[in-house]
Amino acid sequence: MAVRTRFREEVESKVKEALSDMGCDVRFDIEVPSTWVADLAVPCFTLAKVLRQAPQAIAADLCKRIVCDGAVNSVEDVNGYLNFHIDQDVLVRETLKDIVSAGPDYGKHPAKGVKVNVEHTSINPTGPIHVGRARNPIIGDTLSRCLRRCGYDVETEYYVNDVGKQVVLLTWGVRNIPASEVDPSDRDKNDHRLVPYYRKANSIMEEDEAVREEISSMLQRFENGDQEVIAKVREVAEMMLEGLRETLDTIDVRLDRYTWESQYIADGSARKVVDSLKESSYCGDSDGAYHLELKDFGIHGKNTRFTFTRGDGTTLYTTRDLAYHLDKFDRADRAVDVLGEDQKLGSQQLTAALQILGSDKKPEAMFYSFVALPEGKMSTRRGTVVYLDDLIEEAVERAYEEVRSRREDLSEEEMRRIAVITGVGAVRYNIVRVQPEKKMVFRWEDALNFDGNSGPFLQYSHARACSILRKAGDFERTVDEGLLTDDYERRLVSVLSMFPEVIRDCGENKRIHMLPSYGHELASAFNQFYAAVPVLNSGDRRDSRLTLVDCARMVLKETLYTLGIIAPEEM
RNA sequence: GGGCGCGUGGCCUAGCCAGGAUAUGGCGGCAGCCUCCUAAGCUGCAAGUCAAGGGUUCGAAUCCCUUCGCGCUCGCCA
């Protein structure tokens, strides 16, 4: 058992015992104090009523009855609190032993045998990814990594929306407009190259009635399940997706599976959903278009009507999404959807409809706010847009300038490699450090921050640890708490010991923004130790300190890995 | 207008779900630190009506109500 867990359990049983000693058996809270006054505290204010004594008196009384042993080093009563201190020797010994024996698996929870599907990104294949939506792949990928570390069997999935007017129009454009008639693209990459065709197709359609009809007939055939049209559109969507995948690849986001929306038209499962919903008592229709009335499902206002077929009987996006979710539920125990905040109502309606379909599972949605520019919302049409490709390129370029200015000993190739790792690290870290539901304003100065609370700050600590170990050569790994007595050493160990709990919180509660926060705390503790405590020239403490450095290095590396960021050995 | 979300020093942000002790860090500012393991670092200082008001409570950034500001949403679009 992890030391901190053991410490908490011991505190709990000691307080419980002391209370029953006093003849009462009440619930009490154990909290982590906001300041460094204690490792754990029990406020006695709630006990005051039951015991009819002042909280201060209760705390003092309890304090006297508690015998400190095991992981509990001491307890004192302060202003109605019982303040517990963890035994530093136990903390150091147990934590470092855990890390040394578990290695890279430290903080990895045992396999749960639960399969979780995480759907993320799912950006429409009609243009390059812009930073307004860049939170999606980064949040989704980080969450997946946290869940895996929590012991879940995770499959990540991109739902490709290859159905609808947008993609059909794009397909028409790509197949009918000669290359000579479109503007050159700003980047030689499929997603960027296809955009001019989309723009051109749009303007042609607006002027040409015949084209408009052609497109609408294509759409009609598509939605009726015409395999030939579906295949054509799919082909173009594949091309676009190839570009998007390249972008995702540069930020180390790789999905296990791509599922095409058209599949649910082609295999008839969307049709089955329609038939099944029509049987429901919540179903109604107007002019042949069917809908569900959802006011009994916690949906308020005038959003209670959920339409699932058009008047001509064809299915809608939401209908296909129902078929898709039923499919996911067949394949996994849980389904997580990482969605933009504009999907909130839709997701709520989807959940209600799934319930009506008799599904016993519910999708777990995770919403994020769109990233905006200082001057407002990003808009491709107004040209106020920053592509993720541009952001990455700029970040890598800036990182390159950084390495070059401080490491003239490295080869060009090594500097380039480090620049990519730190530039991408800065971008990913900057996006995931903020709570997803908080709105974010994109500023180059924040996105390209390499100091303080940033990805490179963590990477730098890791590189420093590697550097010490490299210079140390062979050493004996020893855990001797008697040789690690410095405040900086103990503070570092204390942070290391929190890792398993942090991972649990990130995965189980989907609070992934706590991971960068933890990483910063860890890197900061390491840097303080680094500045204050010599390692290589520390006589008989050398091996112990090197062991500590190696443990820190490992946890730093695993923290970065779980954030989807590479830990460079030098920078 | 209805629904949902957000509002914490000049700027960004943690804590809010499970109320508790002097509100977490960072950026920027100011003052220091490279004869020592990478200064993308370390140390110190200044800077806060936790949007506003009310309520619950021994105790509220945290829970409840009202107001204001911002975002999203309210399609037989995807």
Side-chain angles (χ1 to χ4, degrees), chain A residues 29 31 33-35 37-38 41 43-46 48-49 54-55 78-81 83 124 126 161 163-167 261 285-291 299-305 307-314 316-318 320-321 340-346 348 367 369-370 372 377 399 402-403 405-407 422 426 430 433-435 437-441 443 445-446 449-461 463-472 509 511 513-514 516-517 520-521 523-524 526-528 530-538 545-546 549 570-571:
Chain A
D29 295 317
E31 60 180 45
S34 50
T35 48
V37 291
C44 301
F45 306 95
T46 41
K49 252 182 214 156
V78 183
N79 304 325
Y81 288 87
N83 285 343
N124 286 357
T126 50
N161 303 118
V163 182
K165 200 171 178 176
Q166 281 193 311
V167 263
E261 185 182 344
D285 76 305
S286 53
D287 303 324
Y290 287 85
H291 65 264
I299 294 168
H300 310 286
K302 35 187 184 177
N303 308 324
T304 62
R305 190 173 276 204
T307 304
F308 62 92
T309 73
R310 294 199 181 86
D312 66 3
T314 54
L316 296 164
Y317 169 80
T318 40
R320 269 110 55 186
D321 208 14
E341 59 180 344
D342 56 337
Q343 305 289 317
K344 277 188 188 174
L345 176 61
Q348 213 179 355
F367 298 104
S369 302
F370 296 118
K377 208 175 154 178
E402 283 287 331
V403 223
S405 71
R406 63 186 81 229
R407 294 295 302 270
T422 49
N430 185 248
R433 59 173 248 271
V434 182
Q435 256 179 66
E437 58 272 21
K438 283 213 183 189
K439 60 188 166 199
M440 242 183 143
V441 175
R443 290 191 183 86
E445 54 197 288
D446 295 336
N449 175 32
F450 297 159
D451 304 323
N453 191 9
S454 75
F457 179 88
L458 273 67
Q459 293 174 315
Y460 185 64
S461 299
R464 278 177 144 183
C466 289
S467 175
I468 292 180
L469 293 164
R470 202 163 41 235
K471 291 199 166 133
N509 304 323
R511 284 156 37 94
H513 62 287
M514 294 316 289
S517 172
H520 180 258
E521 201 178 340
S524 182
F526 180 79
N527 284 337
Q528 286 166 33
Y530 182 94
V533 183
V535 177
L536 294 178
N537 299 313
S538 59
R545 286 184 178 165
L546 281 166
V549 170
E570 55 182 327
M571 58 189 274

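Not measured: the values here are computed from a predicted model. Residue numbers begin at 1 in each chain, while the letters A, B, ... track the order of the sequences.
At the heavy-atom level, A:Gln528 lies under 4.0 Å from the strands shown only through sugar-phosphate atoms. At a threshold of 4.0 angstrom between heavy atoms, the contacts of A:Asp342 are confined to the sugar-phosphate backbone, with no base atom among them. Here A:Gln343 lies in heavy-atom contact (under 4.0 Å) with a base.
One C1' atom belongs to B:rC50, the other to B:rC58, and the distance between them is 22 Å to the nearest Å. Comparing B:rC30 with B:rA46, their C1' atoms are spaced 7 Å from each other, to the whole Å. Comparing B:rA51 with B:rU62, their P atoms sit 8 Å apart, to the nearest whole Å.
When rounded to the nearest whole Å, the span between CZ of A:Arg443 and P of B:rG26 equals 20 Å. If you measure from atom NZ of A:Lys344 to atom C1' of B:rU73, you get 9 Å, rounded to the nearest angstrom. Residue A:Phe370 contributes atom CZ, which lies 16 Å from atom C1' of B:rC70 at whole-angstrom precision. Rounded to an integer number of Å, the gap from A:His520 NE2 to B:rA14 P is 14 Å. To the nearest angstrom, P of B:rC76 lies 15 Å from NZ of A:Lys165. Here the P atom of nucleotide B:rC11 and the CG atom of A:Asn453 are 18 Å apart, to the nearest Å. The nearest whole Å value for the distance from the CE atom in A:Met514 to the C1' atom in B:rG25 is 11 Å. The separation between A:Glu521 atom CD and B:rA14 atom P is 15 Å, rounded to whole Å.
Side-chain N/O atoms of A:Arg464 and A:Asn527 include a donor and acceptor closer than 3.5 Å. Side chains of A:Glu521 and A:Ser517: a donor-acceptor N/O pair is absent below 3.5 angstrom, by distance only.
Closest to the A:Leu345 side chain, of the nucleotides B:rC6, B:rG41, B:rU73, is B:rU73. Closest contact between the side chain of A:Lys377 and the listed nucleotides B:rC72, B:rG69, B:rU22 involves B:rC72. Minimum atom distance to the side chain of A:Val434 is reached by B:rU13, of the listed B:rU13, B:rG5, B:rA78. When each of B:rC70, B:rU73, B:rC42 is scored by its nearest atom to the side-chain atoms of A:Ala531, the top-ranked nucleotide is B:rC42. Residue A:Lys438 has its side chain nearest to B:rU8 when only B:rU8, B:rC58, B:rG25 are considered. Listed nucleotides B:rC42, B:rC37, B:rG71 differ in distance to A:Val535; the shortest reach to its side chain belongs to B:rC37.
Judged by atom type and distance alone, A:Asp321 does not reach the base of B:rA78 through any side-chain donor-acceptor pair under 3.5 Å.
Nucleotide B:rU22: unpaired (no Watson-Crick or G-U wobble partner with both distances less than 3.5 Å).
Residue A:Arg464 places at least one side-chain N or O under 4.0 Å from the OP1 or OP2 atom of B:rA39. At least one side-chain nitrogen or oxygen of A:Gln435 sits closer than 4.0 Å to the OP1 or OP2 atom of B:rG15.
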